[in-house]
Amino acid sequence: MNNNLHVYNTLTKRREHFITKEEGHVRMYVCGPTTYNFIHLGNARPIVVFDTIRRYLEYLGYKVTYVQNFTDVDDKIINKAKEEEENPLALADKYITEYFTDADRLMVKRADIHPKVSEHMEEIINFVKNLEKKGYAYEVEGDVYFSVRKFVDYGKLSGRSIDDLLSGARVEVDQRKKDPLDFALWKKAKSGEPAWDSPWGQGRPGWHIECSAMSCKYLGEEFDIHGGGYDLVFPHHENEIAQTEALMDAPMARYWLHNGFITINQEKMSKSLGNFFLLREIMEKFDPMVIRFYLLATHYRSPLDFDDEKLRVAQKGLERLSNSYSQLLNGLKISGQYDNGKKIRQAAEKACIEFQGAMNDDFNTALAIAVLFDLAREVNTYLREPQLDKTSLGEAQKVFDDLLAVLGISLGKEVNGTGNIDGLMNLIIILRQNARAAKNFKTADSIRDHLQEIGIVLEDGTKGTLWKHEGEAADLLEKIMEVIINIRQIARKNKDFKTADLIREELKNVGIIIEDAPQGTSWK
RNA sequence: GGCGACAUAGCCAAGCGGUAAGGCAGAGGACUGCAAAUCCUCUAUUCCCCGGUUCAAAUCCGGGUGUCGCCUCCA
């Protein structure tokens, strides 16, 4: 495939031309979470980043095989399960479900395969067995270790030598190991812990082996992209490389991509520091799209500092795009055939080219978003024209849609259903009550008639006015809004600004903003 | 102690040898019954500091300073 994509490879510490092993097909593996809690914002970054990378590769026309694992057998899970007196695997499963709830809201596409450790014991055991057979692993009393010194390239990813690592060792060394840096491939079971049968007795896998075994199973040797957070470079990915390449005598992956950290006051957000924010806590205050936008507004390898203010800024930025887009859709409705659209068509084409240029440069989403802002300005400018060309505007919309889809950002109006409808109906009823009080029965009846047309029946009783709805509820909110805007239009025409402003104020209270423009009134 | 990354306007943030994107905030103007949205203009002679290479450096090299990360579980 002919592309101009360059990616930064942690392995070579350089930006390299991206060439897949197999023409037109990207095989990628991303380290997923250990599921013993809801995910936090730090977990969300790689999820969103690599989802975006995947989307861009697909946009370029690649077939992408995307594998993201779940670590569901692990010390932390076992401990948490003990605390909560639950079965460890059930607990892990529960948080896998919760993971999808969060990831879905962030518009993260499902991986093609989401392998779990617990379902790949056979592969893992075979992997370890073969390493043992090749002399890279040894057993000590039911534990199996990888012999680091046997793998000559050890340290090539994290850029350090075994001796560097030894001098910096901060952990107590298990004396049974041949070398302090040797790491566990298989751990002997302690009583009460989940365990599986193996040639070395009851036990469970070490941390790193799962990714080697599962990536090997689903992607084979030398797959194209291996991704994860920067903190996985050492020891996790270093050890994966050692295990995999020792066994296969082939490179594990061609490109190693690592995202930078989320920080709080410039300090890494992490579970061990306790300064983390659960994604769903943040989603209570901010729309998931705002969070995604915020995550993508900085290049993925840079650190990203988090606080509410930064999300508010992201929200403002996203609103700018959102305003532009919904006004584009409005403009499309009243557009026709005119020949004044050249400039907007050029802008759309330029945006497309520049967007690709940005993404081709190691997935520079920050720049790509700037391109979107430029397009939005061009669109906004064009929208002020008295006549709008449907074809040109349509092209702009297509570009908007395509590029936003790559970033995984949706700008659709979010409708909350019944809550809003109740509020709106209350408003209409008050307005109508006012009209009736002023003996303006013509207006009052007109409101009732209009509501009748959309299937809403008003009943005036001694305790006030009740309403009920019959028939199709699909576009109810839109239809009600039409009626309200209509009422307000009439009020404005009659210079009854008090009523018009009251309507605007009340709508604001239920979260709807009215905008008067020369081409008519719109809402969001 | 070992290894590594980063330092750009009030804030966030692109930039990868050719003369400082974009967003937010702010100022002024246009539009408007008001408001919002939108449009136009302005806001870094300069990119932490000091040297060097080059016709040309925010970008490359050397030395400082500061911040952060990894070396233990972590995305």
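Side chains included, hydrogens not; waters and symmetry mates left out as well; all remaining heavy atoms used. To find a chain, count down the sequence lines: A is the first, B the second, and so on, and within it residues start at 1.
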Student: Are A:R312 and B:C12 close enough that a side-chain N or O sits under 4.0 Å from OP1 or OP2?
Tutor: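 Looking at the OP1 and OP2 atoms of B:C12, neither is under 4.0 Å from any side-chain N or O of A:R312.
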Student: C1' atom, B:C12 versus B:C71: distance in rounded Å?
Tutor: 31 Å
Student: Answer yes or no: does a side-chain N or O of A:R320 lie under 4.0 Å from OP1 or OP2 of B:A25?
Tutor: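 No, no such contact exists.
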Student: May I ask you to verify whether the side chain of A:D501 and the base of B:G33 hold a donor-acceptor pair under 3.5 Å?
Tutor: yes
Student: When A:C31 is tested against each of A:E210, A:Q68, A:H237 for side chain to side chain contact (heavy atoms under 4.5 Å, CB included), which residue passes?
Tutor: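 Running side chain to side chain contact (heavy atoms under 4.5 Å, CB included) over A:E210, A:Q68, A:H237 with A:C31 returns exactly one hit, A:H237.
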Student: Do the side chain of A:R492 and the base of B:G33 come within less than 3.5 angstrom through a donor-acceptor pair of N or O atoms?
Tutor: yes
Student: Map A:C31 and A:T381 onto RNA chain B by nearest heavy atom, then report which one ends up closer to the 5' terminus.
Tutor: A:T381
Student: It should be established whether A:K268 places a side-chain nitrogen or oxygen under 4.0 Å from OP1 or OP2 of nucleotide B:A75.
Tutor: no
Student: Please determine, by modelled atom types, if A:R292 and A:T52 share a side-chain donor-acceptor pair under 3.5 angstrom.
Tutor: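 There is such a pair (donor and acceptor under 3.5 Å, judged by atom type) between the side chains of A:R292 and A:T52.
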Student: For B:A37 and A:N323 - does any side-chain N or O of the residue sit under 4.0 Å from the phosphate oxygens OP1/OP2?
Tutor: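 A:N323 to B:A37 OP1/OP2: no side-chain N or O under 4.0 Å.
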Student: Test the A:R320-A:F373 pair against the cation-pi criterion, namely NZ or CZ under 6.0 angstrom from the six-membered ring centroid and within 45° of the ring axis.
Tutor: no
Student: Please confirm whether any donor atom in the side chain of A:R45 sits under 3.5 Å from an acceptor in the base of B:A75, or the reverse.
Tutor: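 It does not, because no donor-acceptor pair links the side chain of A:R45 to the base of B:A75 below 3.5 Å.
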Student: Using the C1' atom on both, measure B:C68 against B:A56 and round to a whole Å.
Tutor: 33 Å
Student: Cationic tip of A:R45 within the cone over A:Y300's six-membered ring, i.e. under 6.0 Å and within 45° of the normal?
Tutor: no
Student: Within this structure, what is the NE2-to-P distance between A:H237 and B:G69, rounded to whole angstrom?
Tutor: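 Checked: the NE2 to P distance equals 20 Å.
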Student: Distance between the C1' atoms of B:C60 and B:U54, in whole angstroms?
Tutor: 10 Å
Student: Is any side-chain nitrogen or oxygen of A:K271 closer than 4.0 Å to OP1 or OP2 of B:C73?
Tutor: no
Student: According to a strict under-4.0 Å criterion, is A:N364 in side-chain N/O contact with OP1 or OP2 of B:G15?
Tutor: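 Indeed, a polar side-chain atom of A:N364 lies that close.
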Student: Measure the distance from CG on A:L383 to P on B:A37 and round it to the nearest whole Å.
Tutor: 16 Å
Student: How would RNA chain B look in dot-bracket form, 5' to 3', counting Watson-Crick and G-U wobble pairs with both distances under 3.5 Å and writing | for bases paired to another strand?
Tutor: ((((((((.[[[..)..(...]]].(((((.......))))).....[[[[[..)....]]]]])))))))....
Student: Say you pick atom C1' in B:C3 and the same atom in B:U45; how far apart are they, in whole Å?
Tutor: 39 Å
Student: Is the charged tip of A:K268 near the ring of A:F261: under 6.0 Å from the six-membered ring centre and within 45° of its axis?
Tutor: yes
Student: Would you tell me whether A:H17 and A:H6 have side-chain atoms, one donor and one acceptor, within less than 3.5 Å of each other?
Tutor: no
Student: Considering only heavy atoms, which members of residues 32-44 of chain A lie under 4.0 Å from some atom of RNA chain B?
Tutor: A:H40, A:G42, A:N43
Student: Using distance alone, with no hydrogens and no angle criterion, decide if A:N340 and A:Y382 have a side-chain donor and acceptor under 3.5 Å apart.
Tutor: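 Result is yes, a qualifying pair exists.
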Student: Ignoring hydrogens and geometry beyond distance, is the side chain of A:D305 in donor-acceptor contact with the base of B:C12 at under 3.5 Å?
Tutor: no
Student: Would one find a side-chain N or O of A:R384 under 4.0 angstrom from OP1 or OP2 of B:C40?
Tutor: no
Student: Report yes if at least one side-chain N or O of A:S302 is closer than 4.0 Å to OP1 or OP2 of B:A14; otherwise report no.
Tutor: yes
